[in-house]
Amino acid sequence: FDLSRTGFAIISGTMFRAGDRLDVVLTGAKGSSVQVSAKAVHTRSLAGSPGRFVTGFEFVPGRDSGAIPEGAITQLIEAVTRTYGARPGK
């Protein structure tokens, strides 16, 4: 799992197509969470793992709210960073 202010990437058994849209809840280890809408921008097979795919998603305005919850996304990133520490280069 990879999370940034503009989107996230996941590993799954689903091969998403570019443009596929999801409404998901992202939850940190200590319970911080945010509901977001996102669209798939790329998918690739995960090397050495048949039937597994890495998909990158971009945050998009929510269907109901018409907005991207940028403040909540930032808070989730900060909570995850405090829990796991920042990775070099991030």
Side-chain angles (χ1 to χ4, degrees):
F1 180 78
D2 188 21
L3 175 65
S4 75
R5 285 177 170 74
T6 58
F8 61 96
I10 60 170
I11 297 172
S12 75
T14 301
M15 186 173 163
F16 293 97
R17 296 179 311 238
D20 284 351
R21 187 177 168 127
L22 296 178
D23 293 314
V24 298
V25 175
L26 303 176
T27 304
K30 298 205 177 190
S32 299
S33 65
V34 60
Q35 184 171 348
V36 297
S37 295
K39 71 174 179 179
V41 291
H42 60 81
T43 297
R44 65 174 171 80
S45 296
L46 183 61
S49 297
R52 306 291 287 170
F53 305 92
V54 177
T55 303
F57 288 88
E58 174 185 34
F59 294 124
V60 296
R63 292 179 182 145
D64 294 334
S65 69
I68 297 173
E70 294 175 10
I73 292 167
T74 298
Q75 288 177 348
L76 180 60
I77 291 170
E78 290 170 355
V80 170
T81 301
R82 282 192 303 272
T83 301
Y84 296 105
R87 294 188 324 203
K90 293 283 178 179

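Below, each value reflects all heavy atoms present in this structure, side chains not excepted, and no hydrogens, waters or symmetry copies. Quick caveat: nothing in here was measured; it's all calculated off a predicted structure.
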Checklist entry - Considering residues at least two apart in sequence or located in another chain, which fulfil the ring pair (Phe, Tyr, Trp, His ring centres under 6.0 Å) criterion with Phe16? => result Phe57
Checklist entry - With ILVMFWY side chains joined below 4.5 Å, transitively, what does Ile11's cluster contain besides itself? => result Leu46, Val54
Checklist entry - Between OG1 of Thr14 and CG of Leu22, what distance do you get to the nearest 0.5 Å? => result 9.0 Å
Checklist entry - What are the two closest non-hydrogen atoms of Ser33 and Thr27, and how far apart are they? => result CB-OG1, 3.4 Å
Next on the checklist: According to side-chain hydrogen bond (donor to acceptor under 3.5 Å, both in side chains), does anything in residues 36-54 pair up with another residue at least two apart or in another chain? List the pairs.
Outcome noted: Asp23-Ser37, Thr43-Thr55
Checklist entry - Can you name the residues that form a side-chain contact (heavy atoms from CB on, under 4.5 Å) with Ala72, not counting sequence neighbours? => result Val34, Pro69
Item to check | Any side-chain heavy-atom pair of Val24 and Val36 under 4.5 Å | outcome: yes
Checklist entry - Phe8 and Ala38: which non-hydrogen atoms are nearest, and at how many Å? => result CE2-CB, 3.7 Å
Item to check | For Thr6, side chain to side chain donor-acceptor pair (under 3.5 Å) partners two or more places apart | outcome: Ser4
Next on the checklist: Assigning hydrophobic clusters by single linkage (Ile, Leu, Val, Met, Phe, Trp, Tyr; side-chain heavy-atom cutoff under 4.5 Å), is Val60 placed with Leu3?
Outcome noted: no
Item to check | salt bridge (charged side-chain N to carboxylate O under 4.0 Å, His left out) contacts in which one or both residues fall within residues 5-19, not counting sequence neighbours | outcome: Arg17-Asp20
